[in-house]
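Worksheet: the structure to be examined is printed underneath.
Chain A is the first sequence line, chain B the second, and so forth, proteins listed ahead of strands; every chain is numbered from 1.
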Amino acid sequence: MELILIPIIAGVLAALAGKQSRWVALAGSLVSLGITLFWLAGFRYGASFQYVFDKAWFSQGIHFRTGVDGISMVLLLLTNILVPVILLSALRNDKRNAATLFALIVGMQGALNGVFLALDGLMFYIFWELALIPVYFICALWGEGNAFRTTLKFFIYTFIGSLAMLASLIFLYSRTPDPSSFGYEALLAVNLNHTEAIWVGAGILLAFAVKIPMLPLHSWQPDTYSEAPAQGSMLLSGIMLKMGLYGLIRWFFPLVPEALNVFGPVLIASGVIGVLYGALIAIRQNDMKRLVAFSSLSHVGLIAAGIATVSVEGMQGAVLQMFTHGVNVVGLFLAIEVIQSRAMTRNLDALGGIAKQAPVFAVFFLLLVLGTTAVPFTNGFPGELLLLKATFGYKAVWGILAGITIILCAVYMLRMYQFSMLGKPSGGIYLFPDLRWNEWMAFGILALLVLWTGLFPQYLLDLCGPAIQKTMKGILDSTGVVS
Amino acid sequence: MMQNLALIILSPLAGFLITGLIGKRLPEKVTGWLGSLAVLVSFVLSISVFNQIAANPAGMHQKLFTFLSVGSLQIDFALQADRLTALMMLVVTGIGFLIHVYSIAYMHGDAGFYKFFAYLNLFVFNMLVLIMGANFLMLFFGWEGVGLCSYLLIGFWYENAEYGKAARKAFVMNRIGDLGLLLGLFLIIFEFGSLDYHTVFEAAARGDHNLGVITAICILLFVGAMGKSAQIPLYTWLPDAMAGPTPVSALIHAATMVTAGIYLVVRCNTLYHFAPVAQELILYVGIATSILAALIGLKQNDIKKVLAYSTVSQLGLMFVALGCGAYTAAMFHLTTHAFFKALLFLGSGSVIHGMGGEQDIRRMGALKASMPLTFWTFLIGTLAIAGFPFMSGFFSKDEILAEVFVHNKVVWALAVGSALLTSIYMLRLFFVTFLGSFRGTDEQKHHLHESPWMMTVPLAILAILSIGGGLLNLPEIVGGGMAHTLKHWLEPVTGKPAGEHAISHGTELALMGVAVAMLLGAWLYTRNKYQSKGVVPEADEAQEGTGRLLSHKFYVDEVYDAAIVQPVNTTGEILYEQADRKGIDRIVNALGNLWVWLGGLYKKVQNGNLEYYLIFMVAGLILIVGFNLFR
């Protein structure tokens, strides 16, 4: 509960705080991180929900109920580490109405925490929508180019998905035994026949698939990422799209296990095709943000496919990779922001030779590129290994196709690094100051995470392991498959 | 003594961190020696491990921590050392140290001096992880790690865009191989339930596993080896990798990293034993690569390119040995090749250093007088690789040829052809570079000088090893009681394959005679052409017919570009422009516009300002939540 309220209150205070807004926001965000770490320290390894807050709300059936298990713990960590990093990196931002910007970012942290904490269907839906609001304003008001139109498209896109999810949840609610309830366990206990499961599942999946995004529902993404301000791109790609992936594990598959035989193959196919589709397009992009957008499409495709295999490796790998992808993609967008704010462009054709002017930045950027490319000893490797193994184990041909990503990813990532950082400095690059202290700190934290997760992935895997096994058992038991 | 194993990899890692983080502020000499010292420590510790393993063939094992444990699969971060590893450790750290020292002088004055040593240390660390890992995932760690260092070092002079391109090509091509390796690893997990060497090989040795799967595993692992050890079709990155500083070419692209593929196959010999089809594949790929690269080497005029193609060709020869199941012969040649090829590359570095950066042998000549030590050591290296009697290459190459002779006469004939070509291009290189008349500019002539001691001492040491390296594994007819030392050393790893050395001493002598006669012929031919007649090789543009085909490397790069690179790029563009922008996105927008049109009918009722809606929605939500929660 405090993880939701404190950032939101900090957001309100920050909005009123004028010039000191950035510090208020950062402080609120850090308090939230502190609580998360405190929870983590007291976390008992196991599959049960902990730190449960439960209060009857509208009626007996609708509760304000929150709690943490290993899966949500990983995502809470991700959220509460990344938002302070995003704030930190933006500290010197002096765009118009910056106070509101900082307020929205920290407020978003509260909404995101709510999504990952919710143990009640209606609450989940509410936070799911609530999280959309700050990011909508961030992108629309501080974006560039066609930002307003693009963001509207994004908004409508996801909103339609959300409504479909709401309909599905209400249907499930209506099927719970009297007194009806939106409680997580109650919804899980509902038995559906195959047809119902497909319809209900399709509704929920629409919301998640748009957010992740899964092919072919991704077309809001490249435009939104490239026209949003850096902070918007980071929030969207780093944390928000994890809502969809988290939703798959926590809500989608457990709610409609009856239709696993339909949705499993569809999601794997869509995921793996997305892996290749995103990667092939990323190879030819010159706008760095667009390049990262398609690369992200490629990476989350693999995560989704891994989840859909409903195997231990796939699901644990997915949770690990959500954390990793969040760290890396925020780092990449931060690097792009550093470049754009100094060189006034992020077009690869116009860049080059930055490494010579900004060697410290070059090292951090390289580390993030390597993490994304899943080089061993960096964070991308263990997750990708598990996900590819799971996909390969599901069906060898999907694994091989998805495996091509390790080649293509090297192509586009190294190309991006080469054309922006290496080579001879071009025109405007001669005046490229190296990192400022706040950027240095933000990159430093991300770099530590890249190396830490790369060397000791077992920490996060242990954290989510029991919860994943319980979830898997729940899904497979209901499908009649003996695990 | 157990902690020795971890210390061996930690020392270069510490070297990497120190040189990388504070090397910039230290004087060059300090940074350089710190980096070298880090590798020397590993070398000394490796000797200690080597001695222990001599007494205890079972080897050592050390688990550091659990890297991954998911479901039934557990993978440890664990190190091991057995006889195979111990041999590789000495090669890697020993030659590694010499090259570090050499680099202190060679890289003198470079703006990225500290970075160079940091990368070099990082490379040694990763290479040690590769050979000391106790399971396939550790191998993969090192495998990709050395690939990364190779990328960083090929593109070391990063302001040159061409070098950057070569670096990326190397990384991407290696990744193609890595995909094969990774899939091989997955199959191993599914078949054996583990990636641990001990578990896998023990289970495989029982011989009750699906042979089809084992064959698939072996072929996939070999795909990985093709990438790292530059075999057809994944060899074209290695010649381009010569863009890196010369010590890098010596260490990474000749002596150590590129032999990782050989190591992998020897390591998995238990698996290959059950996969004759995979062995045949290795044999044919090896011989084809060996011949192709040797042919291209005949017409290259860049001193380092000649050596690069020579490396590809020699690696091919090692794979030929592996294809025959002659693991000792392969490891023997790997070791002697590490000596003489490192020597040749460092020698070429000395030449380039003396010539002020010149790499084209057509502008060299008559360097004997001004660079005597480089001259003599280069001569030793040339003779060693060409198989001059009783030098290291003579014995190791002969052993491979003898093994192939038993195994497959046609491949043997081809391998002899490849050996002949090797003698010719190496002697051509030697004569054109060091003898004849000087063809450089006056400025270069003035600049010519012998290299400093930090460069020549490593040359001298490697020259001694190149001469005497044959002692490691003498054939019976020469060594008598001292013969086959390496073979006996490796037996705990490779077992005692039946049928090895099934040829008589008479045949063996005859085979040696053929080799010596060929070398003599090559000597007379090249000496006559390049020294006596003073012929200068034509420029690439002036080549015609076959020569043109060779100097353009059979146009393989061009074919790859047209057959793979361009189609991938075009696919990316078409997907983006046609499928994504004009396809999916347009459909989505059309759907959106449909609603806008419908919505227009209601326009008069609503004001259409989304922000107001949102603000009302939030306010309402907060009110509802708050009211219900705290009533």
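- Between chain A and the residues B:Asn569, B:Thr571, B:Asp178, B:Leu148, the most heavy-atom pairs under 4.5 angstrom are made by B:Asn569.
- Put simply, of A:Leu215, A:Ile156, A:Leu132, A:Leu455, the one with the most heavy-atom pairs under 4.5 Å next to chain B is A:Leu455.
- Between chain A and the options B:Ile75, B:Leu137, B:Thr66, the largest number of non-hydrogen pairs under 4.5 Å is found for B:Leu137.
- Contact of A:Gln458 with chain B is made through backbone and side chain together, with heavy-atom distances under 4.5 Å.
- Other residues, nucleotides and ligands contribute at most 12 non-hydrogen atoms within 6.0 Å of the CD atom of B:Glu162.
- Listed options A:Leu217, A:Leu386, A:Ile283 were ranked by heavy-atom pairs under 4.5 angstrom with chain B; first place goes to A:Leu386.
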Under the side-chain contact (heavy atoms from CB on, under 4.5 Å) rule, what do A:Leu414 and B:Phe171 come out as? Steps first, then yes or no, please. CA-CA 9 Å; A:Leu414 295 182; B:Phe171 194 84; 3.4 Å; yes
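- Listed options A:Phe392, A:Phe456, A:Trp220 were ranked by heavy-atom pairs under 4.5 angstrom with chain B; first place goes to A:Phe392.
- Only the side chain of A:Leu370 comes within less than 4.5 Å of a heavy atom of chain B; its backbone N, CA, C and O stay farther away.
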Step by step, would you call B:Asp580 with A:Phe294 a side-chain contact (heavy atoms from CB on, under 4.5 Å)? CA-CA 11 Å; B:Asp580 211 72; A:Phe294 280 105; 3.6 Å; yes
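- By the 6.0 Å contact criterion, NZ on B:Lys24 is open, its count of non-hydrogen atoms from other residues, nucleotides or ligands being 12 or less.
- Heavy atoms of A:Thr373 lying under 4.5 Å from chain B belong to its backbone as well as its side chain.
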B:Phe192 and B:Phe136: ring pair (Phe, Tyr, Trp, His ring centres under 6.0 Å), yes or no, with the steps? CA-CA 12 Å; B:Phe192 298 99; B:Phe136 282 98; 8.9 Å; no
When you look at A:Phe159 and A:Tyr136, which way does the ring pair (Phe, Tyr, Trp, His ring centres under 6.0 Å) test go after all the steps? CA-CA 11 Å; A:Phe159 201 76; A:Tyr136 169 78; over 10 Å; no
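- Of the two parts of B:Leu152, only the side chain, counted from C-beta on, holds a non-hydrogen atom closer than 4.5 Å to a non-hydrogen atom of chain A.
- Contact count versus chain A (heavy atoms, under 4.5 Å) is highest, among B:Ile584, B:Leu575, B:Val172, for B:Leu575.
- For NZ of B:Lys169, the number of neighbouring non-hydrogen atoms (other residues, nucleotides, ligands) closer than 6.0 Å is greater than 12.
- Your options are B:Tyr163, B:Trp157, B:Phe67, B:Phe77, and the one with the most heavy-atom pairs under 4.5 Å with chain A is B:Phe67.
- Using a 4.5 Å cut-off between heavy atoms, A:Tyr157 contacts chain B through its side chain alone, with no backbone atom that close.
- Checked by atom type, the side-chain pair A:Ser162/A:Glu129 shows a donor-acceptor distance below 3.5 Å.
- Looking at A:Lys389, both its backbone and its side chain come within 4.5 Å of chain B, counting heavy atoms on both sides.
- When A:Gly423, A:Ala282, A:Ala410 are compared by the number of non-hydrogen pairs under 4.5 Å with chain B, A:Gly423 comes out ahead.
- A side-chain N or O of A:Asp54 and one of A:His63 form a donor-acceptor pair less than 3.5 Å apart.
- With a 4.5 angstrom heavy-atom cutoff, A:Gln316 touches chain B only via side-chain atoms.
- By number of non-hydrogen pairs under 4.5 angstrom with chain B, the leading residue of A:Asp223, A:Leu408, A:Asp462 is A:Asp223.
- Side-chain contact between A:Leu385 and B:Phe186 is present, with at least one heavy-atom pair separated by less than 4.5 Å.
- With respect to chain B, the highest number of heavy-atom pairs below 4.5 Å among A:Val411, A:Ile468, A:Ile407, A:Leu461 belongs to A:Ile407.
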